[in-house]
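Each chain gets a letter, A, B and so on, in the order its sequence line appears, and its residues count up from 1.
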Amino acid sequence: MSVRNIGYCCINLTVGHLKTSRDIKKATWLTPVGIELAVDCGIKNAIDILEILKWNELYGIKSYRMSSNLLPWMSEYEICDLPRFDELHQAYKNIGNYVKLHNHRVTFHPGHFNVIASLREDVVQKSIIDLSRHGEIMDLMGLDRSPFYAINIHINSLQPSKPEACERFVQTFSGLPLCVTSRLTLENDDSPNQYGVQDLYDGICKFIKVPIVLDFLHYEYGPDCNSKLPEMMSLAFSTWGNITPLTHMSSTRQLEEPKARKIAHADYIYNLIPEHQQDFDCELECKAKDLALFKYQNELQNLAHLILK
DNA sequence: CCAGGTCAAGGGAGT
DNA sequence: ACTCCCTTGACCTGG
């Protein structure tokens with residue numbers, strides 16, 4: 001087996017009381033106590049992240065994507081200026097210590113509003129701030145500045161053209177803080193018009209050190225779909241140096257709801273994660289979260305049992 | 001207390 | 001032109 005660690009994203013459906021995306025709405029944020037409410041959410045979210053990691057450890061799960069809603073409205077302030085910052089920092093340090101002690105891998109997947117290649121300067125600036133906060137939180141956790149702890153995004157712009165958007169991405173990248181550039185990764189898209197592994201490699205990775213996160217479902221529907229998957233895996237994995245590459249796995253929702261759009265994610269996985277001679281980690285993007293991970297592992301065991309017989 | 005409406009944000013694709 | 005999809009369901013109000 002070349003898949004080393006399989007993880008899930010953000011929500012644990014088994015332990016229902018743990019929440020890591022406590023948030024406040026704009027109207028609440030704008031009240032005089034908005035900032036206290038925001039940091040209170042942040043501290044509670046961080047405490048629950050640690051509880052989820054402990055639960056993961058109990059079940060042998062070493063890979064976990066953290067929510068990007070960890071700290072409400074974080075683009076609106078400097079984290080170190082928050083009231084109760086020491087308390088928040090301690091909660092983050094506890095996470096980082098646990099991650100390192102038990103060899104877990106945690107990542108971020110910041111939202112689609114981050115478009116650092118955007119033609120709109122205001123969008124670029126907001127994206128830089130949001131990505132910086134993600135990097136700063138990982139710094140506060142004491143996590144290495146390495147794409148092992150990936151901050152993974154899409155290019156998310158085709159304007160004014162693919163090559164020019166890549167150029168803008170490369171330019172903006174050089175202005176990002178080290179806490180981001182040292183961890184930033186790029187994921188292949190799910191549409192033939194957008195960015196495949198080859199596009200990312202040619203347009204970005206030849207110029208700056210940004211590893212490619214290969215999403216197996218997106219590969220099916222993206223520009224690379226006529227290429228051989230093993231070759232695309234080799235190409236994506238070659239961008240990781242000596243760091244274990246990260247991948248994403250999911251199944252199309254059409255297998256559960258024929259009328260759903262093919263790029264929508266299913267509750268569970270219906271295909272095996274592809275194999276490769278090189279080890280890699282894999283985050284499952286399933287609506288059923290940890291339940292999907294267990295179901296996949298159980299089916300794998302059944303399969304192995306049948307093969308052995 | 002619960003159900004339902006609503007929520008900061010970009011961009012592209014499907015209808 | 002409008003809705004849905006991606007990332008993260010959870011907040012908040014009115015009954």
Side-chain angles (χ1 to χ4, degrees), chain A residues 7-13 16-31 33-34 37-38 40-42 44-46 48-49 52 64-77 106-131 133-134 137 150-162 165 168-169 172 185-196 213 215 217-218 220-223 248 250-254 257 259-267 283-290:
Chain A
Y8 64 99
C9 302
C10 307
I11 298 162
N12 185 305
L13 294 179
H17 65 282
L18 297 176
K19 288 194 290 182
T20 67
S21 298
R22 291 176 186 84
D23 201 357
I24 54 172
K25 296 213 161 176
K26 186 174 186 179
T28 310
W29 164 247
L30 291 174
T31 66
V33 292
L37 294 172
D40 192 61
C41 286
K44 287 175 174 155
N45 288 338
D48 278 3
I49 288 265
I52 286 179
Y64 176 68
R65 180 191 301 170
M66 299 186 286
S67 165
S68 282
N69 265 5
L70 270 190
L71 191 54
W73 297 95
M74 64 182 182
S75 293
E76 304 291 318
Y77 47 79
V106 291
T107 66
F108 277 130
H109 198 347
H112 34 287
F113 306 107
N114 287 288
V115 189
I116 68 178
S118 174
L119 288 172
R120 289 174 47 186
E121 190 54 30
D122 59 321
V123 172
V124 175
Q125 289 308 317
K126 279 183 190 172
S127 302
I128 291 174
I129 292 173
D130 191 48
L131 291 175
R133 294 294 176 273
H134 284 84
I137 288 176
I151 299 175
N152 179 50
I153 59 172
H154 294 262
I155 294 190
N156 208 15
S157 173
L158 292 166
Q159 305 302 327
S161 71
K162 220 184 243 194
R168 292 181 60 81
F169 187 98
T172 307
T185 63
L186 276 172
E187 177 177 346
N188 59 311
D189 289 306
D190 56 20
S191 150
N193 296 330
Q194 291 175 253
Y195 299 86
V213 172
D215 183 306
L217 181 68
H218 293 179
E220 301 275 336
Y221 304 127
H248 291 172
S250 55
S251 291
T252 170
R253 187 153 197 89
Q254 283 185 340
E257 280 177 52
K259 283 200 275 186
R261 291 169 60 183
K262 64 183 182 183
I263 60 170
H265 292 322
D267 289 340
E283 291 174 345
L284 301 191
E285 293 182 321
C286 305
K287 303 280 184 202
K289 306 294 178 184
D290 50 310

Undergrad: For a quick test of reading the model: is some side-chain N or O of R22(A) closer than 4.0 Å to OP1 or OP2 of dC11(C)?
TA: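 For dC11(C), neither OP1 nor OP2 has a side-chain N or O of R22(A) closer than 4.0 Å.
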Undergrad: In whole angstrom, give me the gap between the P atoms of dA8(B) and dT13(C).
TA: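 Result for the P pair: 12 Å, nearest Å.
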Undergrad: Between N152(A) and T185(A), what is the shortest heavy-atom contact and its length?
TA: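 Here N152(A) and T185(A) meet closest at OD1-OG1, 2.8 Å.
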Undergrad: Walk along nucleotides 8-15 of chain B from 5' to 3' and tag each nucleotide B, S or - by protein heavy-atom contact under 4.0 Å, base first, then sugar-phosphate.
TA: BBBSSSS-
Undergrad: Testing the basics here: between G42(A) and P72(A), what is the closest heavy-atom pair and its distance to 0.1 Å?
TA: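 Looking at all heavy atoms of both residues, the closest pair is N-CD, 4.2 Å.
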Undergrad: Without decimals, in angstroms, what is the distance between I153(A) CD1 and dT8(C) P?
TA: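 From I153(A) CD1 to dT8(C) P: 14 Å.
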Undergrad: Write down the atom of T31(A), the atom of T28(A), and the distance for their closest heavy-atom approach.
TA: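 That would be OG1-O, 2.7 Å.
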Undergrad: If I take atom NZ in residue K44(A) and atom C1' in nucleotide dT8(C), what distance separates them, rounded to the nearest angstrom?
TA: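 It works out to 19 Å between those atoms.
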Undergrad: When rounded to the nearest Å, what value does the distance between P atoms of dT8(C) and dC1(B) take?
TA: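 Straight-line distance between the two P atoms is 31 Å.
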Undergrad: Is the side chain of T172(A) donor-acceptor paired with the backbone N or O of A117(A) at a distance under 3.5 Å, no angle test?
TA: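 Not confirmed, T172(A) side chain does not pair with A117(A) backbone.
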Undergrad: Return the minimal non-hydrogen interatomic distance between N45(A) and S21(A), and the atom names on each side.
TA: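 Closest pair (atom of N45(A), atom of S21(A), distance): OD1-N, 3.5 Å.
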Undergrad: Under 6.0 Å between ring centres: does that hold for H154(A) and H109(A)?
TA: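 Yes - the distance between ring centres of H154(A) and H109(A) falls below the 6.0 Å cut-off.
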Undergrad: So, does D189(A) use its side chain to make a donor-acceptor pair with the main chain of Y195(A) at under 3.5 Å?
TA: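 Pair found, side chain donor or acceptor close to backbone of Y195(A).
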Undergrad: Determine the interatomic distance between C1' on dC6(C) and the same-named atom on dC2(B); round to the nearest Å.
TA: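 Going atom to atom, C1' in each nucleotide, I get 30 Å.
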Undergrad: Could you tell me whether H265(A) contacts a base, only the sugar-phosphate backbone, or nothing, with contacts defined as non-hydrogen atoms closer than 4.0 Å?
TA: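 If one applies the 4.0 Å heavy-atom cut-off, H265(A) turns out to touch the sugar-phosphate alone, with no base involved.
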Undergrad: State plainly whether the residues K44(A) and D48(A) are in salt-bridge range, i.e. N to O under 4.0 Å.
TA: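 Result for this pair is no, no salt bridge flagged.
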Undergrad: N12(A) has an atom CG; how far is it from atom C1' of dT8(C), in whole Å?
TA: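 The distance from CG of N12(A) to C1' of dT8(C) comes to 15 Å, rounded to the nearest Å.
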Undergrad: Parallel, tilted or perpendicular: which fits the ring planes of W29(A) and Y77(A), with parallel below 30° and perpendicular above 60°?
TA: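 Because their plane-to-plane angle lies in the 30° to 60° range, the rings of W29(A) and Y77(A) count as tilted.
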Undergrad: Dot-bracket for DNA chain C: what is it, with Watson-Crick or G-U pairs under 3.5 Å, [ ] where a pair crosses earlier ones, and | for a pair to another strand?
TA: ||||||..|||||||
Undergrad: Taking atom P in both dG5(B) and dT3(C), what distance in whole Å separates the two?
TA: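 Rounded to whole Å, the distance is 15 Å.
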Undergrad: Starting from P on dT8(C), measure out to CE on M66(A) and report it in whole angstrom.
TA: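 Rounding to the nearest Å, CE of M66(A) and P of dT8(C) are 12 Å apart.
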